[in-house]
Enquirer: 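After the structure tokens below, expect a handful of questions from me.
Proteins get letters first, then strands, A, B, ... in listed order; numbering begins at 1 in each.
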Amino acid sequence: MPFIYLDIETDNTDKLGLDVFQSRIVTVQMLLPSGKSVIIKDPKNLDNIKSALENNIIVGHNIKFDAKFLKHHFNVTLKNVYDTMIAELVLSGGLYAGKKDMTSLSDLVLRYCGEHLEKEEQKGFKYGVPLTSAQQKYALKDLIYLPEIHKQQQAKIKQLNLETIIDLEMKAIPAMVWLELSGIKVDLEKLEPLKQNALQIKHEVESTIYHLLGDSSINLNSPSQLKKALNNAGIPVEGTNKDELKKYDTPVTNAILEYRDCEKFMNSFVDTLPTYINPITTRVHADYMQIGAVTGRLSCKAPNMQQQPARGKLAKHWKEIFVAEKGKNIVTADYSQIELRIVGQAAHDKKYIDAYNTPGVDLHKRTAATLFHVSEGEVTKTQRGMAKSVNFGLNYGMTGKGLIKKIKSDVGEDITVAQARQYIQAFQKLYPEVTAHLKQASQHGLQNKCVHTLAGRLIRFEDPSVIIERTLPDRIKQYENTHHKIPSPETIAYMRGDIRNQVLGKIGRQSKNYPIQGFCADLLKIALHEIFLKLEPLGVKFIATVHDEVVFECDENQTEYVKQVVKDEMERAGKHWFTDIPCICEVFHGSYWQKD
DNA sequence: CTTTTGGGCGCG
DNA sequence: AAAGCGCGCCCAAAAG
């Protein structure tokens with residue numbers, strides 16, 4: 001299939017210019033397979049090139065942006081795309097994720113063509129105003145480097161064996177366009193009672209705290225002021241974080257914890273969500289980044305739909321504010337215990353394979369039975385909860401101390417260091433293949449400074465010595481603050497060694513976790529492409545996704561079909577790799593966002 | 001005065 | 001304190 005290189009300019013180049021619903025396309029520029037360049041000024045429609053755009057591979061830098069405008073304004077759906085920005089993120093092994101200053105077009109032009117791209121003329125494109133010759137030149141300049149970048153990237157992709165990953169990433173782009181244009185509906189009337197409840201609790205605990213501390217002048221949001229006040233009140237806290245405060249279990253520390261919950265809930269969610277409602281669509285259109293994390297996971301902002309409250313007292317009914325339009329349903333689907341299944345599959349662990357292939361068997365219960373020397377039927381809820389913490393935590397290299405903390409926060413149970421050690425040993429003995437696999441992953445990562453997912457995604461590590469030198473000044477400063485003198489060269493050498501151990505330890509743990517997290521992202525993206533092809537043309541909306549979960553909005557009478565398609569495609573995405581353990585997706589529906 | 005950093009915490 | 005991993009966002013305090 002031939003390539004068409006494409007870029008657009010929009011009006012309102014300030015903040016509104018980024019909003020597809022509040023600005024217009026001023027120009028569409030293209031480099032055609034023939035080598036000819038075309039500028040379409042103030043397009044009224046794109047009917048004459050619609051089929052060319054939909055039936056060729058469209059190459060662009062951050063093509064999601066252009067594709068959203070083409071879809072919304074002219075109903076042109078780009079289905080085959082190649083994005084030089086996404087490709088660069090894949091090629092970097094995730095190292096450029098979240099680093100905007102590494103993946104801009106000018107960065108790539110410099111990296112691949114050795115030229116500096118000025119961005120000055122970009123401002124001032126106005127709808128209906130003729131282009132100056134400088135603007136015309138600028139419009140094309142963004143285009144002319146793309147073929148060379150594209151060509152060089154292709155060579156690197158081949159060299160690094162990243163064809164499969166590039167393919168799944170490019171195919172996922174139309175789904176991301178679909179997701180951001182769809183948006184999600186928020187019911188503000190449902191938000192009000194949640195707000196009043198949180199406010200009332202907040203005011204109550206606030207006065208309780210001030211009363212108990214005997215000082216109403218302190219800022220409860222200031223950790224330093226709070227610590228001082230607690231110390232004055234005879235509570236010797238060393239910090240004010242949750243774990244530290246929980247240790248004391250006094251009326252005032254408990255009230256502070258409750259105050260924090262309210263503050264977080266109010267400031268981060270209740271008060272901000274309404275500000276993101278788009279005035280044109282009256283829906284919330286979050287900004288998703290396709291490779292937002294080193295592992296290939298998506299990230300999301302403005303607002304972050306991936307961190308909407310779901311547990312805890314205040315959050316109990318929060319997700320119910322995300323609703324379907326009248327006459328529609330919300331369909332949610334999520335992978336069942338996907339990370340554990342990935343580990344078990346990658347390690348070909350006999351007991352994992354058996355557990356996930358035997359109906360009615362629960363891996364956590366099975367682990368608990370061994371840890372506590374009881375039969376599976378006798379396992380209590382608490383024991384299962386503790387085993388769950390062990391299963392999840394140990395898969396990523398958690399140590400005894402970490403396990404104690406995890407079990408305390410997950411199930412509220414106190415265990416000793418000896419018990420923690422014993423659980424870890426029991427786990428390792430119970431699942432020898434998983435244990436060996438993780439150890440091997442850690443060694444591989446440290447040796448090669450990179451790891452791969454089952455689908456072949458490359459995930460790189462930064463050079464340890466660079467991290468060490470970057471961290472050292474902070475450590476020295478810390479020493480100076482506590483000892484009031486400059487550390488000796490011997491001390492500095494010791495610090496280097498200490499930091500080195502920490503950095504290498506972290507890379508070892510990341511090597512265990514990255515392939516699992518990354519492969520889950522691979523699966524999700526593979527599925528999204530197929531789901532897009534089947535459901536987007538039917539008018540179904542793709543309204544949210546959270547790592548192992550996807551959420552859609554469809555007509556009530558489409559519900560069963562949508563559930564079936566989503567479940568099938570999510571599971572089919574993993575078929576090629578899940579040869580020993582089934583990959584299962586669970587689907588639900590209702591009038592709001594729910595997972596049961 | 002604005003920008004950066006750090007503690008803390010929401011989700012998977 | 002880079003003692004399980006990944007992210008974004010809030011606020012206060014420090015830094016420029």
Side-chain angles (χ1 to χ4, degrees), chain A residues 94 97-98 218-227 239-245 256-257 260-261 263-273 286-289 291-312 314-315 318-319 334-335 337-339 389-406 409-410 417 420 424 438 442 445 451 459 461-462 464 467-468 470-471 474-475 477-478 498-518 520-521 524 544-549 595:
Chain A
I218 57 170
N219 180 351
L220 299 181
N221 294 323
S222 162
S224 56
Q225 291 183 34
L226 200 56
K227 180 176 175 250
T240 67
N241 66 47
K242 211 183 227 172
D243 288 340
E244 179 71 10
L245 293 185
I256 291 168
L257 289 171
R260 285 243 179 90
D261 282 349
E263 272 286 295
K264 179 78 177 175
F265 187 68
M266 288 297 298
N267 295 334
S268 299
F269 303 108
V270 174
D271 286 342
T272 55
L273 188 63
D287 187 2
Y288 288 84
M289 280 142 291
I291 302 182
V294 278
T295 55
R297 267 193 182 180
L298 309 188
S299 70
C300 178
K301 61 180 184 176
N304 187 347
M305 295 305 295
Q306 304 188 137
Q307 57 165 183
Q308 294 303 314
R311 353 179 229 247
L314 294 172
W318 176 256
K319 283 205 173 167
D334 70 311
Y335 282 122
Q337 298 188 353
I338 190 66
E339 297 205 339
S389 305
V390 174
N391 281 337
F392 276 110
L394 294 211
N395 274 331
Y396 312 127
M398 190 183 262
T399 60
K401 267 197 174 170
L403 186 59
I404 294 172
K405 249 165 93 177
K406 178 77 176 160
S409 77
D410 280 358
V417 186
I424 291 171
L438 292 172
S442 153
V451 290
I459 307 173
F461 296 107
E462 214 181 332
I467 306 174
I468 294 168
R470 194 176 53 221
T471 315
D474 276 354
R475 185 68 72 92
K477 200 178 278 173
Q478 214 177 304
D498 194 37
I499 296 172
R500 187 182 161 76
N501 285 340
Q502 286 170 11
V503 169
L504 295 186
K506 180 151 178 126
I507 292 176
R509 293 188 300 277
Q510 288 171 325
S511 301
K512 297 175 181 178
N513 178 254
Y514 282 6
I516 301 166
Q517 211 182 96
C520 182
L524 190 87
T545 175
V546 192
H547 308 307
D548 67 347
E549 179 187 3
K595 282 217 277 187

Enquirer: With a 4.5 Å heavy-atom cut-off, do A:Glu549 and A:Lys595 have their side chains touching?
Expert: yes
Enquirer: Could you check which nucleotide pairs with C:dA15 in any of the strands shown, counting Watson-Crick or G-U wobble with both distances under 3.5 Å?
Expert: B:dT2
Enquirer: For atom C1', what is the distance between B:dG6 and C:dA1, given to the nearest Å?
Expert: 13 Å
Enquirer: Taking the C1' atom of each, how far is C:dA2 from B:dG7, in whole Å?
Expert: 16 Å
Enquirer: Strictly below 4.0 Å: does A:Lys512 bring a side-chain N or O up to OP1 or OP2 of C:dG4?
Expert: no
Enquirer: Taking only the side-chain nitrogens and oxygens of A:Asn241, find out if one of them lies under 4.0 Å from OP1 or OP2 of B:dG8.
Expert: yes
Enquirer: Can you find a heavy atom in the side chain of A:Val503 that is under 4.5 Å from one in the side chain of A:Arg500?
Expert: no
Enquirer: Hey, does A:His547 have a side-chain heavy atom less than 4.5 Å from the side chain of A:Leu524?
Expert: no
Enquirer: How is A:Arg509 classified with respect to the nucleic acid when contacts are heavy atoms under 4.0 Å: base, sugar-phosphate, or nothing?
Expert: sugar-phosphate
Enquirer: Counting heavy atoms from C-beta on, name the nucleotide in C:dC7, B:dG12, C:dC5 closest to the side chain of A:Gln510.
Expert: C:dC5
Enquirer: For A:Val503, report the nucleic acid contact type (base, sugar-phosphate, nothing); a contact means any heavy atom under 4.0 Å.
Expert: nothing
Enquirer: Should A:Arg470 and A:Glu462 count as side-chain neighbours, where that means a heavy-atom distance under 4.5 Å?
Expert: yes
Enquirer: May I have the distance from A:Gln308 (atom CD) to C:dC9 (atom C1'), rounded to whole angstrom?
Expert: 11 Å
Enquirer: Any side-chain N or O of A:Tyr514 below 4.0 angstrom from OP1/OP2 of C:dC5?
Expert: no
Enquirer: OP1 or OP2 of B:dG8 less than 4.0 angstrom from a side-chain nitrogen or oxygen of A:Thr240, does that happen here?
Expert: yes
Enquirer: Using a heavy-atom cut-off of under 4.0 Å over every strand shown, decide if A:Gln225 touches base, sugar-phosphate, or nothing.
Expert: sugar-phosphate
Enquirer: Under 4.0 Å, heavy atoms only, any strand: does A:Leu394 hit a base, just the sugar-phosphate, or nothing?
Expert: nothing
Enquirer: Under the 3.5 Å rule, do the base of B:dG8 and the side chain of A:Lys242 count as making a donor-acceptor pair?
Expert: no
Enquirer: Tell me, do A:Thr545 and A:Tyr288 make a side-chain contact under 4.5 Å, heavy atoms counted?
Expert: yes
Enquirer: NZ of A:Lys405 versus P of B:dC9: gap in Å, rounded?
Expert: 11 Å
Enquirer: Answer with base, sugar-phosphate or nothing: what part of the nucleic acid does A:Ala315 contact at a heavy-atom distance below 4.0 Å?
Expert: nothing
Enquirer: Respond yes when some side-chain nitrogen or oxygen of A:Ser268 is under 4.0 Å from OP1 or OP2 of B:dG10, and no when none is.
Expert: no
Enquirer: Hey, does the side-chain of A:Arg297 have a donor or acceptor N/O within less than 3.5 Å of a partner on the base of B:dG12?
Expert: yes
Enquirer: Between A:Leu245 and A:Arg260, is any pair of side-chain heavy atoms under 4.5 Å apart?
Expert: yes
Enquirer: Side chains of A:Ile516 and A:Tyr396: closer than 4.5 Å at any heavy-atom pair?
Expert: yes
Enquirer: Taking the C1' atom in each of C:dA3 and C:dG8, what is the distance between them to the nearest angstrom?
Expert: 24 Å
Enquirer: So what does A:Arg260 hit on the nucleic acid, given a heavy-atom distance under 4.0 Å: a base, only sugar-phosphate, or nothing?
Expert: sugar-phosphate
Enquirer: Mapping A:Phe269 and A:Asp474 to their closest nucleotides on DNA chain B, which lands nearer the 5' end?
Expert: A:Asp474
Enquirer: Compare side-chain N and O positions of A:Thr399 against OP1 and OP2 of C:dG4 and report whether any pair is under 4.0 Å apart.
Expert: yes
Enquirer: Specify the separation, in whole Å, of atom CD of A:Glu244 and atom C1' of C:dA1.
Expert: 14 Å
Enquirer: Under a 3.5 Å cut-off for both contacts, is C:dG8 paired Watson-Crick or G-U wobble with anything, and if yes, with which nucleotide?
Expert: B:dC9
Enquirer: Does a side-chain N or O of A:Asn219 approach OP1 or OP2 of C:dA12 to a distance below 4.0 Å, or not?
Expert: yes
Enquirer: Quick check on DNA chain C: between A:Glu263 and A:Lys406, whose nearest nucleotide comes earlier from the 5' end?
Expert: A:Lys406
Enquirer: Among the candidates C:dC10, B:dG12, C:dC5, find the nucleotide nearest to the side-chain atoms of A:Asn267.
Expert: C:dC10
Enquirer: Which part of the nucleic acid, if any, lies within contact of A:Lys264, taking any heavy atom under 4.0 Å across all strands shown: a base, the sugar-phosphate backbone alone, or nothing?
Expert: base
Enquirer: What nucleotide, of C:dC7, C:dA12, B:dG12, holds the atom closest to the side chain of A:Lys595?
Expert: B:dG12
Enquirer: Using a 4.0 Å heavy-atom cut-off, does A:Cys520 contact any base of the nucleic acid, only the sugar-phosphate backbone, or nothing at all?
Expert: nothing
Enquirer: Among C:dC7, C:dG4, B:dG12, which is the nearest nucleotide to the side chain of A:His547?
Expert: B:dG12
Enquirer: Using atom NZ of A:Lys301 as one end and atom C1' of C:dC10 as the other, report the distance to the nearest whole Å.
Expert: 16 Å
Enquirer: Would you classify A:Gln517 as touching base, sugar-phosphate or nothing, given that sugar-phosphate means primed atoms plus P, OP1 and OP2, and contacts are heavy atoms under 4.0 Å?
Expert: base
Enquirer: When only distance counts, do a donor and an acceptor, one from the side chain of A:Ser224 and one from the base of C:dA13, lie under 3.5 Å apart?
Expert: no
